[in-house]
Amino acid sequence: NNGYETYCYNLQCPGFVRMNANINLGMSLEPVSTYGGQQYDIDLEIFQDRGTKNWWLRLHGVLLGYWPSSIVPQLHDGAQIHNFGGEILNKKPPGQHTGTQMGSGHFAHEGFMKSAFFKNILIANSEDPWRYTSPTRGDAYTIITHPYCYDLEVAHNVELQWGYYFFYGGPGRSASCP
C-alpha cells in the first residue's frame, strides 16, 4: 500500500494468471442474495503453493488462477497478517464522501439477511497447509475509518456453525455520512 498513489483491482492488475475461462475476477456471481430474503454464500480460498510459492485463488473448490510469487516477493515465505473486509476508494475531494455502498449497502447492526457478511474464516497453518485455525476476537483488531458511512460487527459462534464471522457494510454518502 503506497497511499493509493498507484492501485488496481481484479483483472486491471497485471500478473494474475487465469486458469478458468468460465469465471473472471470482477464478474457478478449468481444467484445474488436479496435484502431480507434468500441468502447465498460463496466458498473462497486464497492459499500459497508450498513448491512454487504462487498464491492461488479457488472458488467453490474450482481453481480460478494464481498470482505468481514474482509479483508479491514479500509474501515468498507466507503471510503474517491477514485482512478481511470491505474497502471503498474515495476519489472525491476532501469534504464530500463517495456515495459508493459497501457490502449490501446496509449497516452491520442489521445482521443476517440484511448486512453483508464473512463467515467461517479460517487460516491455513504455515507448517501444515491441511490444518486450519480460526481467529479469535483477541487475534483481531478492527479498523472503521468512516463509522457514520460504514460499520463492522465481529463475532464467534460455534453453535451456529459460523465460526469466526463478521457483518459489515453501509450506504456511503447519506444523511448520517456527509
Side-chain angles (χ1 to χ4, degrees), residues 1-34 38-91 98 100-106 108 112 115-135 139-143 145 150 152 154 156 161-170 172:
N1 185 341
N2 64 357
Y4 293 98
E5 290 184 30
T6 60
Y7 59 90
C8 60
Y9 292 95
N10 300 328
L11 291 179
Q12 297 171 350
C13 304
F16 184 80
V17 179
R18 196 170 131 201
M19 303 295 289
N20 186 312
N22 297 323
I23 302 173
N24 285 324
L25 296 184
M27 72 183 282
S28 295
L29 299 175
E30 300 286 334
V32 176
S33 299
T34 57
Q38 182 67 43
Q39 301 295 294
Y40 301 95
D41 54 34
I42 62 172
D43 180 13
L44 187 66
E45 297 173 77
I46 298 175
F47 63 95
Q48 186 178 35
D49 179 289
R50 293 179 68 144
T52 65
K53 304 297 185 178
N54 295 333
W55 287 86
W56 284 86
L57 177 62
R58 184 166 32 210
L59 173 68
H60 293 298
V62 176
L63 291 172
L64 301 186
Y66 64 92
W67 294 272
S69 62
S70 61
I71 65 172
V72 285
Q74 65 275 30
L75 297 177
H76 185 266
D77 293 322
Q80 300 303 313
I81 298 172
H82 308 87
N83 295 317
F84 302 91
E87 180 179 54
I88 298 297
L89 177 60
N90 186 8
K91 296 179 1 180
T98 179
T100 304
Q101 296 178 349
M102 182 185 294
S104 68
H106 293 268
F112 186 62
S115 180
F117 62 89
F118 280 62
K119 70 176 189 171
N120 289 322
I121 297 171
L122 297 171
I123 299 171
N125 181 294
S126 61
E127 301 299 318
D128 180 0
W130 300 106
R131 196 173 97 222
Y132 294 88
T133 57
S134 178
D139 294 335
Y141 66 94
T142 60
I143 300 173
T145 57
Y150 316 103
L152 169 73
V154 179
H156 188 253
Q161 297 180 355
W162 275 45
Y164 186 82
Y165 68 96
F166 61 89
F167 292 106
Y168 71 104

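Residue numbers count from 1 along this sequence.
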>> Please evaluate residues Thr100 and Met102 with respect to the criterion side chain to side chain contact (heavy atoms under 4.5 Å, CB included), reporting the C-alpha separation (whole Å), side-chain torsions for both, the decisive distance (0.1 Å), and the verdict.
In response: CA-CA 7 Å; Thr100 304; Met102 182 185 294; over 6 Å; no
>> Pair Thr145, Tyr150 - check side chain to side chain contact (heavy atoms under 4.5 Å, CB included), show working.
In response: CA-CA 8 Å; Thr145 57; Tyr150 316 103; 5.9 Å; no
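The ring-ring contact (aromatic ring centres under 6.0 Å, His included) with Phe16 is formed by just one residue from the set Trp56, Tyr66, Trp67; it is Trp67.
In this structure, Phe117 has its ring center under 6.0 Å from that of Phe112.
Residues passing the side-chain contact (heavy atoms from CB on, under 4.5 Å) test with Ser104 are His106, sequence neighbours excluded. Taking the side-chain contact (heavy atoms from CB on, under 4.5 Å) definition, one finds that Thr133 meets it with Ile123, sequence neighbours left out. With sequence neighbours excluded, no residue satisfies ring pair (Phe, Tyr, Trp, His ring centres under 6.0 Å) with Phe84. For Leu59, the side-chain contact (heavy atoms from CB on, under 4.5 Å) partners at least two apart in sequence or on another chain are Ile23, Leu29, Ile42, Leu44, Leu64. The salt bridge (Lys or Arg N to Asp or Glu O under 4.0 Å) test applied to Arg18 returns no partner, not counting sequence neighbours. For Asp49, the side chain to side chain donor-acceptor pair (under 3.5 Å) criterion is met by Thr52, not counting sequence neighbours. By the ring pair (Phe, Tyr, Trp, His ring centres under 6.0 Å) test, Tyr168 pairs with Phe118, Phe166, sequence neighbours left out. In terms of the side chain to side chain donor-acceptor pair (under 3.5 Å) criterion, residue partners of Asp41 (sequence neighbours excluded) are, by chain and number, Lys119. Applying the side chain to side chain donor-acceptor pair (under 3.5 Å) criterion to Gln39, with sequence neighbours excluded, gives no partner residue. Considering only residues two or more places apart in sequence or on other chains, Trp55 meets the ring pair (Phe, Tyr, Trp, His ring centres under 6.0 Å) condition with none of them. The side-chain contact (heavy atoms from CB on, under 4.5 Å) check on Asn22 picks up Asn20, with sequence neighbours excluded. Not counting sequence neighbours, Lys53 has no partner by the side chain to side chain donor-acceptor pair (under 3.5 Å) test.
Of all heavy-atom pairs between Gly15 and Pro68, the closest is O-CD, 3.0 Å. Residues Gly103 and Ala116 approach most closely at CA-CB, 3.6 Å, considering heavy atoms.
Between the side chain of Gln48 and the backbone N or O of His76, at least one donor-acceptor pair lies under 3.5 Å. Side chain of Asn120 to main chain of Gln161: a donor-acceptor pair is present (N/O by atom type, distance under 3.5 Å, no hydrogens or angles).
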